[in-house]
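The block underneath contains the structure these notes are about, expressed in structure tokens.
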Amino acid sequence: MDNVSVSRTEPIGDGSGSLYVLEKQSKLPFEIKRIYYITDVASCSVIRGNHAHKQLRQLLFCVGGSCEITLDNGVDRMTVILDDPGKILYIRPCLWREISKFSKNATLIVLASDEYNEQDYIRDYEEFKEYVRK
Ligand code: TYD
């Protein structure tokens, strides 16, 4: 699917823990203007997201626990399981996303290319399909 890629960053580990690095150029494809994180999701039946962005680009990874990201371009759907701190999902604009199956203690980190702007959201699925069709 266009506008989605998954990459790996290998930990630097020496027995005292695992250290993960995302560095400019190879691993950070845009300037980060905002970081947010999701924790304490009460139940594995919770579904977050349910929106698309017109311009925003995001990198997502779970530093603890796991969750599933389902992406939809208006035609096809795919699911990426984030269950490893070294697995980095890059989402470019115009993809509907649903975030589900949060494990207990899941911590999802999101690096975003812009500040929060509700005008950049499409929160209605039919509106999203119309937007991508045009
Ligand atoms: P939303 O992006 O819909 O969360 P999710 O996709 O994880 O379900 O945001 C949830 C609420 O938080 C919504 O009212 C907007 C607000 N919000 C901010 O104020 N700033 C932010 O940076 C983000 C991501 C959300």
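Since the structure is predicted, the reported quantities are computational estimates derived from the model, not experimental observations. Counting starts at 1 for both ligands and their atoms, following the listed order.
- When the salt bridge (Lys or Arg N to Asp or Glu O under 4.0 Å) test is applied to R77, the partners found at least two apart in sequence or on another chain are D72, E98.
- Ring pair Y125/W96 is perpendicular by interplanar angle, where above 60° counts as perpendicular and below 30° as parallel.
- A donor atom on one side chain and an acceptor atom on the other are found under 3.5 Å apart for Y116 and E118.
- When all heavy atoms are compared, the tightest approach of K87 to F61 is O-CB, 3.5 Å.
- No more than 12 heavy atoms of other residues, nucleotides or ligands sit less than 6.0 Å from atom CD of E23.
- Judged by distance alone, with hydrogens and angles left aside, the side-chain atoms of S113 form no donor-acceptor pair with the main-chain N or O of F30 at under 3.5 Å.
- Contact residues for ligand 1 (protein heavy atom closer than 4.0 angstrom to any ligand atom): R34, Y36, I38, R48, G49, H51, Y116, Y121, R123.
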